[in-house]
Amino acid sequence: VTWHGWAQIAVFVALITAVVKPLGGYMARVVEGRLHLPRPLRVLENGIYRMAGVDPGEEQGWRTYALALLSFHLVGIVALYALQRLQRLLPLNPQGFGAVRPDLALNTAVSFVTNTSWQSYAGETTLSNLSQMAGITVQSFLSCATGVAVAVALIRGFARRTAQTIGNFWVDVTRITLYVLLPVSAVAALFLVWQGVPQTLGPFVDATTLEGGRQILARGPVASQEAIKLLSGDGGGFFNANSAHPFEGPTPLSGFGEIVLIFLLGAALTNTFGRMVGDQRQGWALFAAMAVLFLAGLTVVYAQEAAGNPAFPPLGIEQATGPNQAGGNMEGKEVRFGIAQSALFATVTTASSDGAVDAMHDSFMPLSGLVLMANMMLDEVIVGGPGSGLFGMLLFVIVAVFIAGLMIGRTPEYLGNKITANEVKMAMLALLIVPAFILGLSAAAAILPVGLAGLNNAGPHGFSEILYAYTSGAATNGSAFAGLNANTPFYNLTLAAAMFAGRFFVIVPILCIAGTLATKGRLVSAAGAMPTDGAQFVALLVGTIVIVGGLTFLPALALGPIAEHFAMIQGNQYGTP
Amino acid sequence: MLDLAMLVLIGMAFAAAVGYVEFCGRMLDPGSSPADNVP
């Protein structure tokens, strides 16, 4: 590790922390309808409601909110599927790409509507500009807005007293898209264009290289997709190599800016939460728990990657840091990003639900791979995706106060709400669905010939590739370990099932919790109630997250990255299957 | 034909999700709120 590597990480943490309060406050005003808007924006917002036949003053109970959300995304999946299947007949297809295969089109449609952005395809050789813009990019906005809307509905559940409603889904999605996602994305896209990311509807460029060879340079409306790809927690790249591609992440500064964008909304939402429940310290407590888990994981990844691969020195490969090289394990990493930024990007993208990559996670050291998988397995509560990180964290809060209540013999309570069997049952439903799909489908793929056929590595690393894929899908992350050929009907359909369940079968119980909490009156806390805004609660919350996540996934991790780590120390290699 | 199969899969997934909304609603103990917030 180097001092400038740590300095880069320190600047990142300071920047995110500084942005939490102002952006969190702004988002609270947006979702509470307290924003003073210029007349054209008010006209635009009201015009959308009129066209959609929505009464913005009418609030919804949790069931209506959930059904509105599901119907919205049913239309989204069918539309994105149709767009891919019909793209050869539609305009803005300068390369003349044909229809996307049905199983791949289904996987991609589910992937982007669920805010996962798992990509079994290579964007630059599969999708037309229209499919990228009207399909992928639009769903990045809408799926992100949905995540924030669900988090806001849950916050309202905690904040409201004896209410029957938790907001209006259509209003929440519209306001978040118009006043948060669009303006920040526009600024981010301009920043990326300044850094060298292309933004054009023109065809690919047929270039002559310095050696006189011929090369086709893929390009398109990259900057606009890139901005929301990062901000939304979606992560689906225009190019197959994602942010490692020089047209997606051209400079170290653009790489750093991309990492900031990934954490921006998720971190700020902790403050939105604090403001809406009337106590900002509650939001800071959640932010502190996220920070502890994030810094612990990042330290492991950075140290592992900086130390390099013990198999290399005997081969005469120099891994020391020097004036001419970054040092450490540079396999699968871009020289312009180096070890520190690659480790930071990888930790951020898996801690959030983004899934963009600027380095190949398959080439990370085994224990780094373990941390990246663990980040996703912990339900992506370490900041997480916009909204999904916060509502995931609040699920663990419910479990933590329930456990604390059992330990000290008091009725569990949080923010003046008594936590009853209803909330705990729903929290467990939401928390168990993701591991059920990850472990069940990983086990199936590890024994079925159709699953094993996709592997490029034998032994523990091959198992890690399978485990990572289903973890990424069910946790709606979307990053790939690479090395696994997932563009087969088996993986496309099973991963689509994992993504669908990991998103909607988690959101429904969360909205149910919001509905039950909103109906409650305020509980008058008696003396001796555990404060939930201090270090003790943060420690309890972190412990709950680690123990629940650790106990659930430790056996699977032992078969994958942990076994690979010890095999590496012993000098064992498994080769290809 | 494959398109029809994929659309049927999408329909089944959303039908399951709508059923899940109903399932969660039935899992709730109707007598537990709002009065249970009395200390």
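Naming convention: chains lettered A, B, ... in sequence-line order (proteins, then strands); numbering from 1 in each chain.
At a 4.5 Å heavy-atom cutoff, the contact between A:Y81 and chain B is made by side-chain atoms alone. If you measure heavy-atom distances from B:A5 to chain A, you find no contacts under 4.5 Å at all.
The shortest distance between side-chain heavy atoms of B:L28 and A:K425 does not fall below 4.5 Å. B:F14 is not listed as a side-chain neighbour of A:S71, based on a closest heavy-atom distance of 4.5 Å or more. Two residues are said to be in side-chain contact when any heavy atoms from C-beta on lie closer than 4.5 Å; A:I77 and B:M6 fail this criterion.
Of the listed residues (A:V110, A:T411, A:L429, A:L74), the greatest number of heavy-atom pairs within a distance under 4.5 Å of chain B belongs to A:L74. The most heavy-atom pairs under 4.5 Å with chain B, out of A:V508, A:L493, A:V78, come from A:V508. Each of A:R101, A:E423, A:H73 has some count of heavy-atom pairs under 4.5 Å with chain B, and the biggest count is that of A:H73.
Listed here is the closest heavy atom pair of A:W62 and B:C24: CH2-CB, 4.1 Å. Closest of all the heavy-atom pairs between B:R26 and A:R63 is N-NH2, 4.4 Å.
Taken to the nearest 0.5 Å, the CG atom of A:L70 stands 12.0 Å off from the OH atom of B:Y20.
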